[in-house]
*Asks:* 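Take this structure first; my questions come after.
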Amino acid sequence: MADSGRAHRRGRFITVEGSEGAGKSTHLASLVAHLEAHGIEVVSTREPGGTPLAEAIRDLLLARREETLDALAELLLMFAGRAQHLAEVIRPALAAGRWVVCDRFTDASFAYQGAGREMGHATVATLAKLVHGDLNPDLTLYLDLPRDVGLARTRRRGELDRFEVENAAFFDRVRQGYLDLAAAEPERIQTLDASGDLDTVRAGVIAAIDAFLARTQGQGA
Ligand code: TMP
């Protein structure tokens, strides 16, 4: 994925991924604050969601109900929300020179639907090409956590959504899915061990973003 659509935009696109309970939201907030302290205008958003319509799709995806959501329907809903989010938020922000920091993006579809639901990499790749073939993250931070540590943290937080009630084998496939993506694209996807205390993980996040800023400035952006 060498072409991230840089020729058509000025802002940078950073995504944060992680297992359940990896502390994504906390680290995302530090990351945004750090970029802003460098004078960078940042749009902070999330998936599924990011626009009123895509947030309504998020509600559909996360709600537990009697009817089982078919795996293909789940995947298509993820990409329907993403198409809307790209059109309304991500592409306009990048075109205006803002940086976009997004809590999850298509790597989550590869990990959760491709690997977790066993839909396969190729199916997800087909949709990714259709929906945003020319636009991929410039940097992705993957907060990695052993399955049981993450699930214990999530379960302490209270009511569980439709993904959080999945079994251990599902989360093992999701984690392996992320590790495979990171192995395939080591430059874009930086894996950070999220099992340490908050300050240690935050230091890793800031170091990764500083290295990215140094590279970006080196490119004259
Ligand atoms: P969150 O926990 O980051 O708020 O995300 C909600 C859930 O959505 C999480 O369990 C991961 C899942 N998800 C997918 O399954 N596929 C996707 O493409 C995205 C963006 C999220």
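Just so you know, ligand 1 is whichever comes first in the structure, and atom 1 is the first atom listed for that ligand.
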*Asks:* I want to check something: taking the side chain as every heavy atom from C-beta on, are Leu77 and Leu69 in contact at a cut-off of under 4.5 Å?
*Replies:* yes
*Asks:* Any idea which of Gly114, Gly50, Ser109 brings a heavy atom closest to atom 18 (O) of ligand 1?
*Replies:* Ser109
*Asks:* May I ask you to identify, for Glu20, whether its side chain, its backbone, both or neither come under 4.0 Å of ligand 1 on a heavy-atom basis?
*Replies:* side chain
*Asks:* Determine the sole option in His85, Glu55, Lys24 for which the side-chain contact (heavy atoms from CB on, under 4.5 Å) test with Arg46 is passed.
*Replies:* Glu55
*Asks:* Under 3.5 Å between some N or O of ligand 1 and some N or O of Asp161?
*Replies:* no
*Asks:* Among all protein non-hydrogen atoms, which one is nearest to atom 15 (O) of ligand 1, and what is the separation to 0.1 Å?
*Replies:* Gln113 NE2, 2.8 Å
*Asks:* Using a 6.0 Å distance limit plus a 45 degree cone around the ring axis, check whether Arg175 lies over the aromatic ring of Tyr178.
*Replies:* no
*Asks:* Any side-chain heavy atom of Phe163 within less than 4.5 Å of one from Tyr112?
*Replies:* yes
*Asks:* In terms of relative ring orientation, are Phe110 and His121 parallel, tilted or perpendicular, with 30° and 60° separating the classes?
*Replies:* parallel
*Asks:* Can you name the atoms of ligand 1, numbered from 1 with element, that are less than 4.0 Å from a heavy atom of Glu47?
*Replies:* 20 (C)
*Asks:* Regarding atom 7 (C) of ligand 1: of the candidates Thr154, Thr106, Leu62, which has the closest heavy atom?
*Replies:* Leu62
*Asks:* Can a non-hydrogen atom of Glu74 be found less than 4.0 Å from any atom of ligand 1?
*Replies:* no
*Asks:* Between Asp180 and Gln176, is any side-chain donor less than 3.5 angstrom from a side-chain acceptor?
*Replies:* yes
*Asks:* For Thr26, give me all partners under side chain to side chain donor-acceptor pair (under 3.5 Å), at least two apart in sequence or on another chain.
*Replies:* none
*Asks:* Considering non-hydrogen atoms of the protein only, which is the closest contact for atom 1 (P) of ligand 1, and what is the distance?
*Replies:* Arg104 NE, 3.5 Å
*Asks:* Honestly, is Arg82 close enough over Phe105, meaning NZ or CZ under 6.0 Å from the six-membered ring centre and within 45° of the axis?
*Replies:* yes
*Asks:* Which protein non-hydrogen atom lies closest to atom 19 (C) of ligand 1, naming both residue and atom, and how far is it?
*Replies:* Ala108 CB, 3.5 Å
*Asks:* Just to confirm my output: which protein heavy-atom neighbour is closest to atom 10 (O) of ligand 1, and how far is it?
*Replies:* Phe163 CB, 3.2 Å
*Asks:* Considering only non-hydrogen protein atoms, determine which one is nearest to atom 21 (C) of ligand 1 and report residue, atom name and distance to 0.1 Å.
*Replies:* Pro48 CD, 3.5 Å
*Asks:* Out of Arg82, Glu164, Arg162, who gets a non-hydrogen atom closest to atom 20 (C) of ligand 1?
*Replies:* Arg82
*Asks:* Nearest protein heavy-atom contact for atom 4 (O) of ligand 1: which residue, which atom, what distance?
*Replies:* Arg58 NH2, 2.7 Å
*Asks:* Which Ile, Leu, Val, Met, Phe, Trp or Tyr residues join Leu145 in one cluster when any pair of side-chain heavy atoms under 4.5 Å counts as a link?
*Replies:* Val149
*Asks:* What protein heavy atom sits nearest atom 14 (C) of ligand 1, and how far off is it?
*Replies:* Met78 CE, 3.1 Å
